[in-house]
Amino acid sequence: MEAKLSVNINKIALIRNSRGANFPNLLTFAKDCEEFGAEGITVHPRPDERHITYADIPQLMEIVTTEFNIEGYPNRKFLDMVVANKPHQCTLVPDLPDALTSDNGWDTITHKAFLIDTIAELQEEGIRVSLFINPDNALLDGAVETKTDRIEFYTGPFAHDFHAHKEKAIEEYTSAALHCNKLGLGINAGHDLNLKNLNYFKNNIPGLLEVSIGHALVVDSLYYGLKNTIQMYQNELKR
Ligand code: PXP
């Protein structure tokens with residue numbers, strides 16, 4: 001089974017917003033990602049809408065033909081928007097409103113009751129749910145009790161430690177992935193994955209279903225072009 005590549009297009013919205021006009025066009029960029037081989041589009045609207053705006057979401061829903069994944073902290077405004085748009089997947093992230101980027105997974109034990117209610121609300125609308133999480137067996141046991149469909153491993157620490165000691169950096173992720181396989185939790189992953197660390201991550205995570213990649217992919221596309229870059233990421237996922 002091959003892991004799918006979902007491209008996080010937040011950074012394109014950030015560039016667009018920096019000039020106040022519709023350039024680059026987010027919808028064209030999403031369509032081009034799909035045409036060049038992306039199997040999903042991810043957006044992460046933050047409360048200040050500094051990159052993806054709430055107004056972008058229905059327009060993207062209309063044109064995305066692969067898998068559409070909306071990430072974010074599940075406050076009431078976010079949940080109403082997700083339910084109104086019905087993406088294929090919603091990834092719940094425990095971000096503080098002013099977070100620069102996601103930097104931690106859910107404490108599925110402390111927040112179990114909240115997650116159970118939130119996940120049920122989304123699943124009743126036919127939306128698959130994934131929980132952003134650190135690779136920790138106790139937290140994964142907690143995740144199963146929330147009835148989430150999948151988890152998304154927060155791969156920031158893996159990416160950080162990869163250069164110094166990749167065998168050590170992957171260890172807890174592999175062991176947590178095996179635990180997910182036993183528990184029947186689907187596995188996604190994201191954050192700081194790039195052309196150097198992606199193949200090693202994928203080959204050491206049994207059952208990896210999907211990766212969402214934004215920052216490095218957009219930066220790489222400045223050098224290699226979007227089409228080449230998406231194909232390069234796909235090559236890393238396939239070899
Ligand atoms: N997954 C989550 C939950 C995120 O918040 C982000 C960043 O928006 C990503 C994945 C993608 O991370 P990166 O931009 O480092 O590839």
Side-chain angles (χ1 to χ4, degrees), residues 3-15 17 26 29-30 33 38-53 56-57 60 67-75 78 82 87-108 115 118 128-135 139 143 148-163 169 173 186-199 201-202 205 208-222 226 229-230 232-234 236-237:
K4 287 185 175 176
L5 173 65
S6 184
V7 176
N8 179 317
I9 60 173
N10 269 31
K11 208 113 286 168
I12 302 307
L14 185 74
I15 297 173
N17 297 353
L26 195 66
F29 188 86
C33 285
E39 294 143 320
I41 298 293
T42 290
V43 293
H44 190 146
R46 294 192 184 264
D48 61 7
E49 301 184 75
R50 64 182 181 271
H51 15 57
I52 296 292
T53 66
D56 287 328
I57 308 280
L60 284 162
E67 184 189 284
F68 193 44
N69 175 43
I70 305 180
E71 301 175 344
Y73 180 82
N75 60 21
F78 176 85
V82 173
H88 301 97
Q89 177 173 269
C90 178
T91 301
L92 304 180
V93 184
D95 280 347
L96 296 172
D98 58 350
L100 191 60
T101 182
S102 312
D103 59 2
N104 215 348
W106 284 100
D107 178 343
T108 54
L115 289 171
T118 305
R128 187 173 77 224
V129 179
S130 180
L131 283 186
F132 197 54
I133 201 163
N134 298 336
L139 296 176
T148 190
D149 303 285
R150 294 188 184 183
I151 54 86
E152 178 182 320
F153 283 135
Y154 168 44
T155 49
F158 159 75
H160 181 264
D161 297 341
F162 178 81
H163 306 284
Y173 289 87
I187 303 174
N188 297 342
H191 221 284
D192 297 317
L193 293 173
N194 59 37
L195 286 172
K196 291 202 172 75
N197 61 30
L198 180 61
N199 180 259
F201 184 81
K202 181 262 239 164
I205 300 300
L208 181 65
L209 295 170
E210 179 182 307
V211 290
S212 69
I213 307 183
H215 187 79
L217 189 150
V218 170
V219 174
D220 287 332
S221 73
L222 296 175
L226 183 62
T229 300
I230 289 180
M232 288 160 86
Y233 276 81
Q234 284 291 15
E236 295 308 297
L237 285 172

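We count ligands from 1, going down the list as the structure has it; atoms in each ligand are counted the same way. Predicted, not measured: the structure shown is a model, and the values here were computed from it.
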Student: Indicate the ring-plane relationship of Tyr173 and Phe158, choosing parallel, tilted or perpendicular according to the 30° and 60° boundaries.
Tutor: perpendicular

Student: Please name the pair of heavy atoms, one in Pro74 and one in Trp106, separated by the smallest distance, quoted to 0.1 Å.
Tutor: CD-CZ2, 3.7 Å

Student: Scan side-chain atoms only and decide if Asn69 and Thr91 contain a donor-acceptor pair under the 3.5 Å cut-off.
Tutor: yes

Student: Could you pull out the N/O contacts under 3.5 angstrom between ligand 1 and the surrounding protein atoms?
Tutor:
{"from": "ligand 1", "atom 1": "1 (N)", "to": "Glu71", "atom 2": "OE2", "distance (Å)": "3.2"}
{"from": "ligand 1", "atom 1": "1 (N)", "to": "Glu152", "atom 2": "OE2", "distance (Å)": "2.6"}
{"from": "ligand 1", "atom 1": "5 (O)", "to": "His44", "atom 2": "ND1", "distance (Å)": "3.1"}
{"from": "ligand 1", "atom 1": "5 (O)", "to": "Ser102", "atom 2": "OG", "distance (Å)": "2.5"}
{"from": "ligand 1", "atom 1": "8 (O)", "to": "Asn8", "atom 2": "ND2", "distance (Å)": "3.4"}
{"from": "ligand 1", "atom 1": "14 (O)", "to": "His215", "atom 2": "N", "distance (Å)": "2.9"}
{"from": "ligand 1", "atom 1": "15 (O)", "to": "Asp192", "atom 2": "N", "distance (Å)": "2.8"}
{"from": "ligand 1", "atom 1": "16 (O)", "to": "Gly214", "atom 2": "N", "distance (Å)": "2.8"}

Student: Over 60° means perpendicular and under 30° means parallel, so tell me whether Phe132 and Tyr154 are parallel, tilted or perpendicular.
Tutor: tilted

Student: Do side-chain atoms of Asn197 reach the backbone of Asp192 as a donor and acceptor pair under 3.5 angstrom?
Tutor: yes

Student: Under the criterion side-chain contact (heavy atoms from CB on, under 4.5 Å), I'd like the reasoning laid out for Lys202 against Glu236: C-alpha separation, chi angles, the key distance, then a yes or no.
Tutor: CA-CA 8 Å; Lys202 181 262 239 164; Glu236 295 308 297; over 6 Å; no

